[in-house]
Amino acid sequence: MSLRLTNTLTRQKERFVPLHAGKVSLYVCGVTVYDYCHVGHARVCVVFDVVQRTLRRLGYDVTYVRNFTDVDDKIIARAHLNGESCEALTSRFIDAFYEDMDRLDCQRPQVEPRVTTHMDEIRTMIAEIIARGHAYLAPGEFGGQDVYFDVRSFAEYGALSGRAQEDNQDGASDRVQHDDRKRNQADFALWKSAKPGEPFWTSPWGNGRPGWHIECSAMSCKHLGTTFDIHCGGKDLVFPHHENEIAQARAANDGQFAKHWLHNGFVTIDSEKMSKSLGNFFSIRDVLKRYHPQVLRYFLLTAHYLQQLNFSDKALDDANRRVLYVYEKLALADQVLVNLPQARSPTPAVCLEARAELMEALSDDFNTPRALAALSEPIAALAKALEKPKDQPSQERAWHLRALIQEASEVLGLFHLDPAKTAADILQLAKDRLFPAGSEQEAEVERLVQARNDARAATDFAEADVLRGKLTALGVEIRDSREGTQWRPLLSE
RNA sequence: GGCGACAUGGCCAAGUGGUAAGGCAAGGGACUGCAACUCCCUCAUCCCCGGUUCGAAUCCGGGUGUCGCCUCCA
């Protein structure tokens, strides 16, 4: 099966043909490290983590690069506000980024370049752009020179975002001030002259720092070459960031730059884009205080990456129920199969079909909802096989299904954790959401459960049912079994 | 103002020409003291209007609605 992907550049789903047989060069636009990441950032990382895993599963040797932007206006402003250095700020949030992404099971790229360690490449690229007549100098506010990219000099400008230059309404954004030093208001800074009190680097144009877009052109070309396979990021980067990256790289080099562009849709809240500026965002770590990372990851993969995805407690609760169910089944499977290290029977058709469908789904523009659907039948079949734990053929069947799910879990980064522990963790988080551990409410629940058990032992079922009604009202679900009575938070509505 | 995306059952979400995947919820059955859990079963003709076609959720035209981008954004 061959890989197809939607290329923003051509606006079409196209067959993927790598530049070099068997190899893929992949660049993902990372984050600006001045704050904790929110669910929107999580989506980028999770989505392209699955892309990267899929490419590997398809047999490609992947070079995966993702940058950190550690020089930026917002970083400088935040560091100043906090009274700390930019380095202290960025290194703290890089650590936090790793913490979040590790919890979400996003594998780390091979190369994670930072702006601060690529100044030579950036300066060289700017010099080349100037030399080739695509940029010009303008006097800086506090001495030195600003360098601007001359958009008019690059005929293809606008090809990625599909807009003519005159389409961009001057003043459509109130963030941008008219600047007479620019030849064209669409021109953007390659180098910004230093302002007092700001970090700066030396350059032929005076002290200053790079503009936002040049870093990614310089770092991607450095680590992947001037022509590489795939460049990814959020949809909001299409214009201007990626448009400018293309202009810079192609102005400076003879290469084609990225051949395929992948852009993921936004995470929304009440159908509005989650963003820092709107203030309607949830940080990853806040969400993970309430829901297991696998639940968040599952949720992020329930929609195709191109679509927008609405974030809500309802959606997380739905995901929570499903992920818990799967882990409970896997835990049961591991228990049942403890004495069956290897099946002897041939792989059943359901496994072969699911495996094929899974990879076909992922090969079809990384269709994760379809991939998850492909897993539904084997999961249901496993549950059914586990109904007869002593039955030999059922065990054999369960073994194969368990193995299939394991294999799939490694591509999706889902359902691969220790099942019993994960199920317990998910439930613990649900209890914590209902009320804090060790709280008075918890003690009250324990008392009611005990009282109900006493009533049942005395066959006073009327009393037992009254007590269960009270527990239900508290949001607690009761499960009676031969081993005794268990309680857990009510997860259904 | 320009450019673009989306609209599928109660909720979420696949499907881009051949007759609607999957998840959650809900209903029925088995199980249960009764329940819950679990297992089994059931549950849509695809925003509106017009067109193309033997045939359209899928293509074309026109509406309506929601959202995004137009140099802070993942």
Side-chain angles (χ1 to χ4, degrees), chain A residues 11 13 28-32 37-45 47-48 72-74 151 158 161-173 175-176 185-189 211-213 232-241 243-244 263-268 271-278 281 298-299 302-304 306-310 312 314-315 317-323 325 328-329 332 357 361 364 367-377 379-380 383-384 386-387 456 459 461-462 464-465 468-469 471-472 477-481 485-488 490-493:
Chain A
R11 271 157 275 276
K13 198 193 279 190
V28 176
C29 265
V31 293
T32 301
C37 288
H38 59 59
V39 178
H41 301 110
R43 188 179 193 192
V44 177
C45 293
V47 157
F48 295 117
D72 168 85
D73 289 349
K74 292 188 293 295
V151 159
S161 54
R163 64 186 87 203
Q165 286 183 42
E166 48 276 15
D167 288 345
N168 291 327
Q169 189 179 28
D170 202 17
S173 167
R175 291 185 299 272
V176 179
Q185 289 309 303
D187 293 349
F188 55 92
W212 173 37
H213 316 291
C232 312
K235 262 190 174 131
D236 43 1
L237 297 183
V238 174
F239 190 91
H241 186 56
E243 195 75 73
N244 292 354
H263 291 100
N264 67 277
F266 301 129
V267 173
T268 59
S271 295
E272 287 199 323
K273 181 183 171 186
M274 177 184 290
S275 73
K276 285 280 173 64
S277 44
L278 286 172
F281 61 90
Y298 177 92
F299 162 71
T302 54
H304 184 94
L306 285 172
Q307 302 307 128
Q308 75 178 33
L309 175 61
N310 202 50
S312 67
K314 163 86 166 65
D317 286 337
D318 285 356
N320 195 69
R321 280 189 283 270
R322 180 61 177 169
V323 173
Y325 171 84
E328 284 181 330
K329 288 301 156 196
L332 182 57
E357 170 56 15
D364 184 13
N367 193 329
T368 54
R370 194 177 146 195
L372 290 172
L375 246 31
S376 282
E377 196 179 334
I379 289 166
K384 190 168 183 174
L386 294 172
E387 290 287 293
R456 290 180 75 220
T459 66
F461 294 120
D465 290 349
R468 186 173 58 205
L471 286 159
T472 306
E477 172 184 310
I478 290 300
R479 296 188 172 190
D480 296 325
S481 72
T485 298
Q486 304 263 305
W487 68 271
R488 55 161 65 186
L490 200 57
L491 297 174
S492 346
E493 286 141 15

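Within every chain, numbering begins at 1; the chains are lettered A, B, ... in the order of the sequence lines, protein sequences first and strands thereafter. Treat the numbers as computed from the prediction; the structure is a model and nothing was measured.
For B/G33, its base sits under 3.5 Å from the side chain of A/Asp465 at one donor and acceptor pair at least. Applying the 3.5 Å distance criterion, the base of B/A35 shares a donor-acceptor pair with the side chain of A/Arg468. Interface remark: the A/Arg456 side chain does form a donor-acceptor pair with the B/G33 base, using a distance-only criterion of under 3.5 Å. No hydrogens or angles were tested; on distance alone, nothing pairs the side chain of A/Lys235 with the base of B/C69 as donor and acceptor under 3.5 Å. A donor and an acceptor atom never sit less than 3.5 Å apart when one is taken from the side chain of A/Thr302 and the other from the base of B/C12.
Considering only side-chain atoms of A/Asn264, the nucleotide from B/A35, B/A74, B/A13 that sits closest is B/A74. Side-chain proximity of A/Ala373 to B/C11, B/G68, B/A21: nearest is B/A21. Between B/G2, B/G68, B/U38, one nucleotide has an atom nearer to the side chain of A/Lys329 than all others, and that is B/U38. Taking only side-chain atoms of A/Ser277, from C-beta outward, the nucleotide of B/C72, B/A13, B/A74 with the closest atom is B/C72. In this structure, the nucleotide among B/A13, B/C34, B/A74 sitting nearest to the side chain of A/His41 is B/A74. Comparing B/A74, B/G23, B/G68 by their nearest atom to the side chain of A/Asp318 picks out B/G23. Side-chain proximity of A/Ser275 to the nucleotides B/C73, B/A13, B/A74 is greatest for B/C73. If you check B/A14, B/C73, B/G22 against the side chain of A/Gln307, the one that comes closest is B/A14. For A/Leu237, whose side chain is taken as the heavy atoms from C-beta onward, the closest listed nucleotide among B/C34, B/G2, B/A74 is B/A74. When the nucleotides B/C70, B/G23, B/C37 are ranked by their closest atom to the side chain of A/Arg163, B/C70 comes out on top.
Remark: C1' of B/C73 and NE2 of A/His38 are 8 Å apart, rounded to the nearest angstrom. A/Phe299 places its CZ atom 16 Å from the P atom of B/C24, with the value rounded to the nearest Å. When the P atom of B/C40 is taken as reference, atom CD of A/Glu387 falls 7 Å away, rounded to whole Å.
Applying the 4.0 Å criterion to OP1 and OP2 of B/C39, one finds that A/Tyr325 has a side-chain N or O inside that range. Between B/A36 and A/Trp487, no contact under 4.0 Å exists linking OP1 or OP2 to a side-chain N or O. Taking 4.0 angstrom as the limit, A/Arg322 places a side-chain polar atom (N or O) nearer than this to OP1 or OP2 of B/C24. The side chain of A/Arg321 places no N or O atom within less than 4.0 Å of a non-bridging phosphate oxygen (OP1 or OP2) of B/G23. Between A/Asn367 and B/G15 there is a side-chain polar atom (N or O) within less than 4.0 angstrom of OP1 or OP2.
Scanning both residues, A/Gly265 and A/Arg43, for their nearest heavy atoms gives O-NH1, 2.9 Å. Shown here for A/Gly40 and A/Met274, the closest heavy-atom pair between the two residues is N-SD, 3.8 Å. Across every non-hydrogen atom of A/His304 and A/Pro369, the tightest pair is N-CG, 3.4 Å. The two residues A/Ser275 and A/Phe281 have their closest heavy-atom pair at O-CD2, 3.5 Å. In plain terms, the two heavy atoms of A/Lys329 and A/Ala383 that are nearest each other are CD-CB, 3.8 Å. Among all heavy-atom pairs drawn from A/Val151 and A/Asp187, the shortest one is N-OD1, 2.9 Å.
A heavy-atom distance below 4.5 Å is found between the side chains of A/Phe266 and A/Lys235. Within the 4.5 Å cutoff, the side chain of A/Val44 has no heavy atoms near those of the A/His41 side chain.
A salt bridge is defined here as a Lys NZ or Arg NE, NH1 or NH2 lying under 4.0 Å from an Asp or Glu carboxylate O, and A/Asp317 with A/Lys314 fails to meet this definition.
Contacts of A/Val267 with the nucleic acid, taken as non-hydrogen atoms under 4.0 Å apart, include base atoms. Heavy atoms of A/Asp364 sit nowhere under 4.0 angstrom from any nucleic acid atom. If you check every strand for non-hydrogen atoms under 4.0 Å, A/Lys384 touches sugar and phosphate atoms only. Within the nucleic acid shown, A/Gly40 comes within 4.0 Å of at least one base atom, counting heavy atoms only. Across all strands, A/Ala383 comes closer than 4.0 Å only to sugar-phosphate atoms, never to a base (heavy-atom distances). A/Ala315 comes within 4.0 angstrom of no nucleic acid atom, judged by non-hydrogen atoms across all strands. Here A/His263 lies out of heavy-atom contact (under 4.0 Å) with every strand.
At distances below 3.5 Å, not a single donor-acceptor pair connects side-chain atoms of A/Asn367 with backbone N or O atoms of A/Ala361.
For A/Lys74, the side-chain contact (heavy atoms from CB on, under 4.5 Å) criterion is met by A/Tyr34, A/Asp72, not counting sequence neighbours.
If you check B/U16 for Watson-Crick or wobble pairing at under 3.5 angstrom, you find it has no partner at all. In this structure, B/G1 and B/C70 make a Watson-Crick or G-U wobble pair, each of the two defining distances being under 3.5 angstrom.
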Per-nucleotide protein contact string for nucleotides 56-61 of chain B (B base, S sugar-phosphate only, - none; heavy atom under 4.0 Å): ------

Pull out every protein N or O sitting under 3.5 Å from an N or O of nucleotides 63-66 of chain B, one pair per line with the distance.
none

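A cation-pi geometry, defined here as NZ or CZ lying under 6.0 Å from the six-membered ring centre and within 45° of its normal, does not hold between A/Arg322 and A/Tyr298.
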